[in-house]
Amino acid sequence: MKLYVISLAVGLLVGIIYAVLQVRSPAPPAIALIGLLGMLIGEQIVPSVKRLMEGEKITVSWLRSECVPKISGVEAKPVVVAKAKAEDDIA
């Protein structure tokens, strides 16, 4: 039940924001898609802040493995760093 109440509250908040911005609801497709993208990116702020508060760095590899799949819906491909580093060490 709690999830439904939270969903309703967020929906009300978005409705208020739409009214303030004078955007009709449902929003035109481009505005709606940009809003959805913002929501997906915004969801990644909390894990990033938690990671920083724990004293861990936010690296490109962490972003690729944790954030990009959640935003794009596509699983991250593993990056082969060890092989490239080994080739640099030989040269």
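Both backbone and side-chain heavy atoms feed into the values below; hydrogens, waters and symmetry mates do not.
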Output yes when a side-chain donor or acceptor of S72 lies under 3.5 Å from a complementary backbone atom of V68, and no otherwise.
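Checked: pair present.
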
Test item: E43 and K70 side chains (from C-beta on) under 4.5 Å apart, heavy atoms:
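No; the side chains remain at least 4.5 Å from each other.
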
Taking atom CE of M1 and atom CD1 of I6, what is their separation to the nearest 0.5 Å?
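CD1 of I6 is found 11.5 Å from CE of M1.
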
Partners meeting side-chain contact (heavy atoms from CB on, under 4.5 Å) with I34 (sequence neighbours left out)
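With sequence neighbours excluded, I34 shows a side-chain contact (heavy atoms from CB on, under 4.5 Å) to no residue whatsoever.
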
Could you see if [X] belongs to whatever hydrophobic cluster contains [Y]? Use Ile, Leu, Val, Met, Phe, Trp, Tyr and a side-chain cutoff under 4.5 Å.
{"X": "W62", "Y": "V46", "value": "no"}
{"X": "L33", "Y": "L40", "value": "no"}
{"X": "I45", "Y": "M53", "value": "yes"}

Do you know the tightest heavy-atom contact between [X] and [Y]?
{"X": "I71", "Y": "L37", "value": "CG2-CD1, 4.2 Å"}
{"X": "R64", "Y": "P69", "value": "O-CD, 3.1 Å"}
{"X": "R51", "Y": "K57", "value": "NE-O, 2.6 Å"}

Would T59 and L63 count as a side-chain contact (heavy atoms from CB on, under 4.5 Å) here? Give the steps.
CA-CA 6 Å; T59 61; L63 286 170; over 6 Å; no

